[in-house]
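Here the structure comes first, spelled out in structure tokens, and everything after it is commentary.
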Amino acid sequence: MKRPDPTSAPLLQPIRLARAIRRARLFPAMLGAGMSLAGTLLATGAWADDTPPKNYGIDIKITAESEDDRDLGTAHGGDLNGIGIDLRPWAFGQWGQWSAYVMGQAVAATDTIQTDTLQSDEVDASGRDSSDDKREPDDAYLALREFWVDYAGLTQYPGEHLRFGRQRLRDDSGMWQDTNIEALNWTFDTTLLRAHLGAAQRFSEYRTDITDLAPEDEDRTHLFGDISTQWAPHHWVGLRLHHSDDSGNLPDPGETIDSLDKRSTGDLTWVGVEANGDGYNYRSQMPLNYWASATWLTGNRDRLTSAAVDGERVATGKQSGDVNAYGIDLGLRWNIDEQWRAGVGYARGSGGGHDGEDQYEQTGLQSNRSNFTGTRARVHRFGEAFRGELSNLQDATLFGAWQLRDDYDASVVYHKFWRVDGDSDIGNSGISAPLENNSKDIGQEVDLVVTKYFKQGLLPASMSQYIDEPSALVRFRGGVFKPGDAYGSHVDSTMHHAFVDFIWRF
């Protein structure tokens, strides 16, 4: 399972590639189809006689999930308790400057639990409220997570490559992008300079149970780029751009609105400046780490307006206007010693304004998960239970963390949430209860994330840049959310959301 030398391993013939795939009995049929696609795309290169060694394996993940009162007691249901298994077979091959990767997925569970931290909470929400089952998740499904081809020969720099296909796009903060999506992405990564440039659009979820895209992904194209430089050891400054062209259509006035109908369209551009001093590096030896970013959102946006008629939502028109909004994210972490860390954070996304012009929103590709607490475990920036989006939201954060060598780590995080505009809605979150006007107090939350790591050496070194975690671990991650006055006085006093994950990689 050793990664082949890219300077000496030649390209293999398509016939031998097909035979190698047939011999790999660990692959399900879907994975074999994906690798055949990758082989077809690679066929434009020069093929040689020798067959290089290949890398392949399988990730096994067992997840138990418990969620209590997502709706805060305002509707029937809202509770979830289940356990499931998530199998992810993968294969990676490299032939000279070319490489290819494919990962499949097979999930079976006792309930519709989330085995994937990249899965949006809107998958469940849109499926349960819809009049059809196009986005209703099943307890068991098959999926194709990634399939891409990579070429690293455009320049002589070892950290430069061009990648095409469904791939993981991610920045360190998780606030701009952290998702699997179809994209063409160019990466340039050296000691003193980093840059990305690309385009992305989601065409399918590649799951057997979800046959339609989320409304916000329909007819939406993303163009993005960033550049940063290391002006002193471990200190980076940079500029980031993202443009979203949403050319979809809103329902016409008088039409009944389905959960799969679009709620907004428009052209939006994010311009961000950022500074980072090992803010997301859990191995940092500096006494103080920090992160700071400021983003300006501009463009135009059309937002659907509606009214309740005979128990149904009916479109009444649209609210159109320019957008002039901002978001900031600040954090400071003190590395007390090799084991203990403590820190604070503050984030704010503007909201409200005339025709919603001040309403900030994120790019739609974010997960908001990162290593901001200073441990290897990635924690949600806005709560493991609340899981908010930076839109008309303020968040003050206190955290402490502990890690023991490469064997254990733990984080305790406290959040306090407010609305910026007490009469405007917030973005997506893990809470489905409605907000009331004239109150900014959303609530507060305490999170706990604890991990035990095993057998560090099982994961091949060649896959370290594609997989977040080491080879085996057991992790608890959970949060208890206490709603504030903005949810009214008739809601439950608390809700919780917790996971136990067991991961083993072969």
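Both backbone and side-chain heavy atoms feed into the values below; hydrogens, waters and symmetry mates do not.
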Regarding Ser367 and Arg170, do their side chains bring together a donor and an acceptor under 3.5 Å, going by distance alone? no
Arg166 to Phe147, cation-pi by 6.0 Å centre distance and 45° axis angle: no
His415: which residues meet the ring pair (Phe, Tyr, Trp, His ring centres under 6.0 Å) condition with it, sequence neighbours left out? Phe417
Are Asp267 and Arg301 ion-paired here, with the side-chain N under 4.0 Å from a carboxylate O? no
Tell me yes or no: between the side chains of Glu65 and His497, is some donor less than 3.5 Å from an acceptor? yes
Relative to each other, are the rings of Trp176 and His242 parallel, tilted or perpendicular (30° and 60° limits)? tilted
Considering only heavy atoms from C-beta outward, does the side chain of Met103 approach that of Pro89 to under 4.5 Å? no
Hey, are Arg369 and Glu384 close enough for a salt bridge, meaning a charged N less than 4.0 Å from a carboxylate O? yes
Gap between atom CG of Leu404 and atom CG of Asp409 - 0.5 Å precision: 10.0 Å
Is the closest basic N to carboxylate O distance between Asp226 and Arg240 below 4.0 Å? yes
Sub-6.0 Å ring centroid separation between Phe164 and Trp148: no
Is the NZ or CZ atom of Lys416 positioned over Tyr414's six-membered ring, under 6.0 angstrom from the centre and within 45° of the axis? no
Can a donor-acceptor pair be found between the side chains of Glu182 and Tyr206 at a distance below 3.5 Å? yes
Any salt bridge between Asp501 and Arg475, counting N to O under 4.0 Å? no
Contacts of Glu160 that satisfy side chain to side chain donor-acceptor pair (under 3.5 Å) - sequence neighbours left out: Thr155, Trp186
For Tyr408, look at atom OH and say whether over 12 heavy atoms of other residues, nucleotides or ligands are found less than 6.0 Å away. no
Asp189/Arg194 salt bridge by N-O under 4.0 Å criterion: yes
Ring centres under 6.0 angstrom apart (Tyr157, Phe188): yes
Go through the steps to decide whether Leu288 and Arg333 satisfy the test side-chain contact (heavy atoms from CB on, under 4.5 Å), and finish with yes or no. CA-CA 6 Å; Leu288 290 176; Arg333 185 174 65 244; over 6 Å; no
Do Arg348 and Val420 come close enough that some side-chain heavy atom pair is under 4.5 Å? yes
Side-chain touch Arg419/Ile442, heavy atoms, less than 4.5 angstrom: yes
Please assess Glu274 against Ser228 for the test side-chain hydrogen bond (donor to acceptor under 3.5 Å, both in side chains), listing each intermediate value before the final yes or no. CA-CA 9 Å; Glu274 52 192 18; Ser228 59; 5.9 Å; no
